[in-house]
Novice: 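Please see the structure below; I have some questions.
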Amino acid sequence: MRNSRGDASPGLLGTIRADLAAMARLKGRPKLTPGAAVDVLALPGTWAVLTFRLASFCHHSHLRPFSRMLYFLNVVLYGADLAPGARVGPGLAIPHPVGCGWGSGLTVGRNVIMTGAARFGTAAAQDEARMGQPTIGDDVILLDGAKAMGPVKIGDRAVVAANALVLHDVPPDAIVVGQPARVVKMRHERKAFAGENGVVLDAERAVAEAGQTVGEGG
């Protein structure tokens, strides 16, 4: 797989290492040391991602029975409905996998964070223009319950707020909220984004600040 910049995939082992490193960063460990690896391997979200990686490898290697079994295992054990046909770049972090789901046509870039119950799929079975799957850029953060439906594009470094529903393209660096999702602020408008409390907490704070600004303006 290649991301939006055309970078080649690091392969299965390199991708898994990047996934572990991404989870370690969420746990406040900047480097993937042996201790950090043990720490993140104790999290169900790590195993949901690893199970998806193996299922995806089997799927794209035409080992479909094994792919299906691993997909089923992921749903039963971790509540993660992650279709193995999706193409997802390295550095995926799903700290809370229950309720997360996507279809086979999904494309996801590098270093993406998805929190609980984030879901992606087609928008309308009767509308051919809405039948595609989303394309998610690099370094995107999708908070609890975020959803994207149809052939929409979510730009690099965007933040999708909790329970937001993306039905139209999201530009890079945008913070979007609501149903349907709308842009309320750009990430570069904040003085500092990734703070000492971690990127997810800082993303939540950015969404809260953006919502407050909109409320004051209205």
Side-chain angles (χ1 to χ4, degrees), residues 1-26 32 40-41 43-64 66-75 77-122 132-144 146-160 166 170 172 199-200:
M1 171 183 178
R2 293 177 179 271
N3 69 348
S4 59
R5 295 184 297 270
D7 301 328
S9 168
L12 178 61
L13 293 180
T15 297
I16 288 174
R17 181 177 177 82
D19 295 338
L20 294 176
M23 284 294 289
R25 288 193 295 272
L26 285 184
L32 185 62
V40 300
L41 285 171
L43 301 172
T46 301
W47 287 102
V49 171
L50 296 182
T51 303
F52 162 73
R53 293 301 187 190
L54 294 176
S56 180
F57 177 79
C58 291
H59 178 88
H60 294 292
S61 299
H62 306 289
L63 301 172
R64 300 299 170 85
F66 297 102
S67 173
R68 176 61 62 173
M69 286 189 292
L70 289 164
Y71 163 75
F72 182 80
L73 189 67
N74 218 352
V75 174
L77 292 182
Y78 311 114
D81 184 6
L82 310 180
R87 294 190 175 274
V88 182
L92 175 66
I94 306 180
H96 305 289
V98 175
C100 289
W102 59 55
S104 290
L106 182 75
T107 300
V108 180
R110 295 171 179 255
N111 303 318
V112 170
I113 298 171
M114 300 180 186
T115 56
R119 297 193 65 88
F120 313 94
T122 59
Q133 294 274 346
T135 297
I136 300 171
D138 299 337
D139 303 301
V140 173
I141 301 174
L142 301 128
L143 298 175
D144 285 10
K147 296 174 177 63
M149 300 295 167
V152 298
K153 295 182 179 180
I154 300 177
D156 295 348
R157 301 171 302 279
V159 176
V160 181
V166 177
V170 175
V199 65
V200 172

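The first residue in the sequence is number 1, and the count goes up from there. Since we're looking at a predicted model, the values are computed, not measured.
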Novice: Taking C-beta and beyond as the side chain, do V108 and M114 meet within less than 4.5 Å on heavy atoms?
Specialist: yes
Novice: Return the minimal non-hydrogen interatomic distance between V160 and A146, and the atom names on each side.
Specialist: CG1-CB, 3.7 Å
Novice: Decide if atom CZ of R17 counts as having more than 12 heavy atoms of other residues, nucleotides or ligands within a radius under 6.0 Å.
Specialist: no
Novice: Tell me, do N74 and W47 make a side-chain contact under 4.5 Å, heavy atoms counted?
Specialist: no
Novice: Can you tell me how far the CZ atom of F72 sits from the CG atom of L77, to the nearest 0.5 Å?
Specialist: 9.5 Å
Novice: State the CG-CG distance between L32 and D19, to the nearest 0.5 angstrom.
Specialist: 10.5 Å
Novice: Locate the shortest heavy-atom distance separating G103 from A86; write the atom from each residue and the value.
Specialist: O-CB, 3.7 Å
Novice: Given side chains that start at C-beta, do those of N111 and D138 come closer than 4.5 Å, heavy atoms only?
Specialist: no
Novice: Give a yes or no on whether the backbone of G137 and the side-chain of D156 come within a donor-acceptor separation of less than 3.5 Å.
Specialist: no
Novice: Return the minimal non-hydrogen interatomic distance between L26 and A93, and the atom names on each side.
Specialist: CD1-CB, 3.7 Å
Novice: Indicate the ring-plane relationship of F52 and W102, choosing parallel, tilted or perpendicular according to the 30° and 60° boundaries.
Specialist: perpendicular
Novice: Return the minimal non-hydrogen interatomic distance between P95 and T115, and the atom names on each side.
Specialist: CG-CG2, 4.1 Å
Novice: Give, for atom CG of L106 and atom CD1 of I136, the distance between the pair rounded to the nearest 0.5 Å.
Specialist: 5.0 Å
Novice: Got a second to check how far L43's CG is from Y78's OH, nearest 0.5 Å?
Specialist: 11.0 Å
Novice: Is the number of heavy atoms from other residues, nucleotides or ligands within 6.0 Å of NE2 (H59) greater than 12?
Specialist: yes
Novice: Are the side chains of Y71 and R68 in contact, using a 4.5 Å heavy-atom criterion?
Specialist: yes
Novice: May I ask you to test the I94-L82 pair for a side-chain heavy-atom distance under 4.5 Å?
Specialist: yes
Novice: Please report the shortest heavy-atom distance between R119 and G99, naming the atom on each side.
Specialist: NH1-O, 3.2 Å
Novice: Return the minimal non-hydrogen interatomic distance between P134 and G121, and the atom names on each side.
Specialist: CD-O, 3.7 Å
Novice: Return the CG to CD1 distance between L142 and I113, rounded to the nearest 0.5 Å.
Specialist: 9.5 Å
Novice: State, with a plain yes or no, whether a side-chain heavy atom of T107 is found less than 4.5 Å away from one of Q133.
Specialist: no
Novice: Among V170, V159, V112, T135, which one satisfies side chain to side chain contact (heavy atoms under 4.5 Å, CB included) with I154?
Specialist: V170
Novice: How far does CZ of F57 sit from OG1 of T15, to the nearest 0.5 angstrom?
Specialist: 11.0 Å
Novice: Are any of the side-chain heavy atoms of V88 and R53 separated by less than 4.5 Å?
Specialist: yes
Novice: Does any part of the side chain of L70, heavy atoms only, come nearer than 4.5 Å to the side chain of C58, both counted from C-beta?
Specialist: yes
